Amino acid sequence: MIDLRLLRDDPDAVRASQQARGDDPTLVDSALDADARRRSSLTEFESLRAEQKAMGKQVAKAQGEEKAELLTRTKHLAEQVKARQAEAQGAEKELDELLYAIPNVVEGAPPGGEADFVVLRHEGGTPRDFAAEGFTPRDHLDLGERLGAIDTARGAKVSGSRFYYLTGIGARLELALLNAAMDQAVTEGFTPMITPTLVKPETMRGTGFLGAHADEVYRLEKDDLYLVGTSEVALAGYHADEIIDLSAGPRRYAGWSACYRREAGSHGKDVRGIIRVHQFHKVEMFSYCAPEDAAAEHQRLLAWEEAMLAKVELPYRVIDTAAGDLGSSAARKFDCEAWLPTQERYLELTSTSNCTTFQARRLGVRERTEDGSTRPVATLNGTLGTTRWIVALLENHQQADGSVRVPAGLRPYLGGLEVLEPVR
RNA sequence: GGAGACGUCGCAUAGUCUGGUCUAGUGCGCCACCCUGCUAAGGUGGUAACGGGGCAACCCGUUCGCGGGUUCAAAUCCCGCCGUCUCCGCCA
């Protein structure tokens with residue numbers, strides 16, 4: 001939820017943000033109108049209510065005829081109060097719905113849509129030249145099957161398309177990656193968390209995932225619960241309706257969870273292998289911090305993502321996502337995309353968003369300021385490792401014989417194993 | 001799945017039967033000040049959030065788990081839901 005004060009004081013800023021996202025700027029005017037109507041009806045209701053309360057006290061004291069007379073007057077007043085209250089509540093609900101429909105105000109993201117991202121830099125060395133090395137690279141599924149690591153056929157048999165089994169070394173590899181991610185997070189002072197993957201509607205709504213991309217989310221209708229697409233949801237909800245102490249700096253959590261995505265509307269896209277799947281695992285960084293520290297915290301999260309990518313020795317680029325491609329709660333987003341040799345393109349491995357106070361406002365996460373008042377905090381999130389990283393790891397570190405070199409950073413998590421050998 | 005108890009201002013608790021004197025009392029904790037050579041003890045005052053109005057001091061409203069209802073008036077009465085605890089049953 002955006003700041004109502006900002007909407008009132010600087011509606012042009014919100015209109016500009018809507019325009020940058022390619023969203024409807026007239027929402028701003030509808031919200032301003034609803035706000036004005038709410039305030040006037042609320043004032044009317046409140047003065048009538050004050051009168052009613054004062055009269056109630058007289059009724060309590062009065063006796064006999066005087067009381068009977070007061071009762072007839074106050075009965076009439078009660079009807080008016082009820083009507084005005086309904087009016088005020090109606091206006092409030094209308095305003096709320098409009099406010100919930102406006103995505104976060106963009107902060108520094110380049111204008112444009114999905115294709116208009118800005119490449120900030122390339123890291124992790126130049127991608128390998130397989131032609132020069134004298135062999136054609138195999139794709140991750142080919143490699144994974146030879147290693148006995150990935151089984152998509154049985155995944156489809158048991159659960160349908162976009163499901164898979166990680167088997168043998170594949171299962172160990174995922175655990176190694178995620179354990180390395182958890183260890184790094186703990187070393188950097190994050191609190192490790194294993195989070196619920198089913199959440200209530202208000203939590204899902206509060207994090208902003210039920211807006212334009214609601215189709216992406218699995219819903220258990222019978223139980224009125226949602227399956228999370230990332231532990232960000234459970235971590236954002238963790239401090240909902242709380243006043244937390246940030247005087248010692250940001251509160252940082254590292255969430256480990258399964259993630260579920262419907263992948264609606266991506267039919268025919270990335271159908272091979274485990275690039276785009278309905279269920280995977282992820283270690284996610286989540287930070288609650290003071291609003292003025294959020295941009296700096298965003299850079300820190302990005303740096304931690306890059307430290308993990310360095311451990312896995314992948315070539316990647318960092319992009320600054322364009323406004324039109326931001327999620328509804330993000331004010332700015334940086335992705336790290338690893339090079340995928342067989343497709344000769346970049347594949348998103350990490351994504352870090354600065355949600356400023358948008359989520360905290362919806363979820364009621366506040367801090368106490370020095371003057372004793374409260375204010376919403378900022379929330380940020382970023383990826384430290386996912387099942388998908390296996391794709392980039394296998395392809396980039398493959399050798400001519402179908403074996404795969406284990407990057408040094410993961411060896412301690414695989415009992416010192418240096419090479420994954422094909423089993424067939 | 002069944003039965004019962006409970007849910008009140010940071011924590012603990014009073015208030016609910018018998019609706020209005022609740023502007024929610026008290027203790028603890030916390031903050032400020034006073035007293036005391038230091039410490040301990042003591043004293044005085046303050047101590048929720050959200051919204052509306054006002055330059056401000058301040059005023060008003062909402063909130064006693066959540067949502068409805070009854071009533072001139074609800075922490076208090078009625079209905080539904082959620083959560084916690086205890087016992088029983090069932091499953092592992």
Side-chain angles (χ1 to χ4, degrees), chain A residues 1-9 11 31-100 102 195-196 198-206 219-226 233-234 237-248 251 288 290-291 357-378:
Chain A
M1 182 137 54
I2 62 161
D3 186 355
L4 184 55
R5 294 249 144 70
L6 176 72
L7 188 81
R8 286 174 190 162
D9 298 345
L32 283 171
D33 179 59
D35 179 43
R37 277 183 288 118
R38 180 189 74 118
R39 278 197 280 181
S40 69
S41 62
L42 193 61
T43 304
E44 283 184 50
F45 157 69
E46 284 182 352
S47 64
L48 277 172
R49 178 72 174 146
E51 195 183 333
Q52 185 190 31
K53 283 174 80 167
M55 271 186 120
K57 278 180 191 158
Q58 289 177 39
V59 172
K61 283 182 214 150
Q63 293 291 328
E65 228 175 88
E66 190 194 356
K67 185 159 189 162
E69 197 235 328
L70 274 172
L71 277 181
T72 56
R73 280 169 59 195
T74 202
K75 259 181 202 177
H76 176 64
L77 189 58
E79 274 171 38
Q80 283 184 299
V81 167
K82 222 168 221 180
R84 293 297 178 180
Q85 180 171 35
E87 219 174 272
Q89 281 173 346
E92 170 132 33
K93 192 171 171 242
E94 201 182 324
L95 173 64
D96 252 21
E97 276 165 13
L98 285 162
L99 283 179
Y100 264 90
I102 298 175
T195 61
L198 284 166
V199 300
K200 295 192 206 176
E202 60 259 38
T203 307
M204 191 54 93
R205 201 166 126 89
R219 172 155 185 243
L220 278 75
E221 199 160 344
K222 218 170 180 179
D223 301 284
D224 203 16
L225 290 169
Y226 290 92
V233 177
Y238 189 66
H239 285 302
D241 298 318
E242 293 181 21
I243 296 172
I244 58 174
D245 184 5
L246 295 178
S247 58
R251 285 222 193 185
Y288 294 91
T357 57
F358 186 84
Q359 290 178 329
R361 215 176 280 283
R362 292 175 165 219
L363 291 165
V365 188
R366 292 161 299 165
E367 68 163 332
R368 177 96 43 203
T369 59
E370 277 183 21
D371 69 4
S373 60
T374 63
R375 63 168 183 175
V377 304

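Here the structure is a predicted model, which means the values were calculated and not measured. Chain letters run A, B, ... following the sequence lines, proteins first and then strands; every chain starts at 1.
The C1' atoms of B:A5 and B:U21 are separated by 31 Å, rounded to the nearest whole Å. B:G53 and B:G69 have their P atoms separated by 27 Å, given to the nearest Å. Remark: the separation of the C1' atoms in B:U62 and B:U23 is 15 Å, to the nearest Å. When the P atom is used for both B:C59 and B:C77, the distance is 32 Å, rounded to whole Å. Look at the C1' atom in both B:G80 and B:C91: the space between them is 30 Å, to the nearest Å.
Taking a pair to require two hydrogen-bonding distances under 3.5 Å in either a Watson-Crick or a G-U wobble arrangement, B:G25 pairs with B:U13. Searching all strands for a Watson-Crick or G-U wobble partner of B:G19 with both distances below 3.5 Å returns nothing.
Set against B:A73, B:G61, B:A49, the side chain of A:A78 has B:A73 as its closest nucleotide. In this structure, of B:U70, B:G61, B:G51, it is B:U70 that holds the atom nearest to the side chain of A:K82. Comparing B:G61, B:C72, B:G52 by their nearest atom to the side chain of A:L71 picks out B:C72. The listed nucleotides are B:C60, B:C72, B:A49; the one nearest the side chain of A:R366 is B:A49. Taking every side-chain heavy atom of A:A50 into account, B:C60 is the closest of B:G52, B:C60, B:C50. Out of B:G61, B:C72, B:C50, the shortest distance to the side chain of A:K75 is found at B:C72. Each of B:G51, B:C72, B:C50 was ranked by its minimum atom distance to the side chain of A:L42; first place goes to B:G51. Side-chain proximity of A:Q52 to the nucleotides B:G52, B:C72, B:U62 is greatest for B:C72. The side chain of A:R38 lies closest to B:G51, out of B:C60, B:C50, B:G51. Taking only side-chain atoms of A:R8, from C-beta outward, the nucleotide of B:C72, B:C60, B:G52 with the closest atom is B:G52.
Checking the phosphate oxygens (OP1, OP2) of B:C72, no side-chain nitrogen or oxygen of A:R73 falls inside 4.0 Å. Checking the phosphate oxygens (OP1, OP2) of B:C60, no side-chain nitrogen or oxygen of A:R49 falls inside 4.0 Å. Within the structure, a side-chain polar atom (N or O) of A:K53 is placed less than 4.0 Å from OP1 or OP2 of B:U62. Residue A:R5 has a polar side-chain atom (N or O) positioned under 4.0 Å from OP1 or OP2 of B:G52.
A:K93 has a carboxylate O that lies under 4.0 Å from a charged side-chain N of A:E97, or vice versa, which qualifies the two as a salt bridge. A salt bridge does not link A:R366 with A:D241: every distance from a Lys NZ or Arg NE/NH1/NH2 to an Asp or Glu carboxylate oxygen is 4.0 Å or more. Salt bridge A:E202/A:R205: absent, no basic N to carboxylate O contact under 4.0 Å.
The interatomic distance linking A:Q89 (CD) with B:C50 (P) rounds to 20 Å, in whole Å. Rounded to a whole Å, the CG atom of A:D224 is 12 Å from the C1' atom of B:C82.
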Side chain to side chain contact (heavy atoms under 4.5 Å, CB included) assessment of A:T357 paired with A:D3: CA-CA 8 Å; A:T357 57; A:D3 186 355; 5.5 Å; no

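Among the atoms of the strands shown, only primed sugar atoms or phosphate atoms (P, OP1, OP2) are found under 4.0 Å from some heavy atom of A:R368. Using a 4.0 Å heavy-atom cutoff across all strands shown, A:E92 reaches no nucleic acid atom at all.
Side-chain contact check for A:Q359 and A:R362: no donor-acceptor pair (N or O, by modelled atom type) lies under 3.5 Å.
Side chain A:E46 to base B:G51: a donor-acceptor pair is found below 3.5 Å.
A:S47 places a side-chain N or O within donor-acceptor distance of the main-chain N or O of A:E44, the cut-off being under 3.5 Å.
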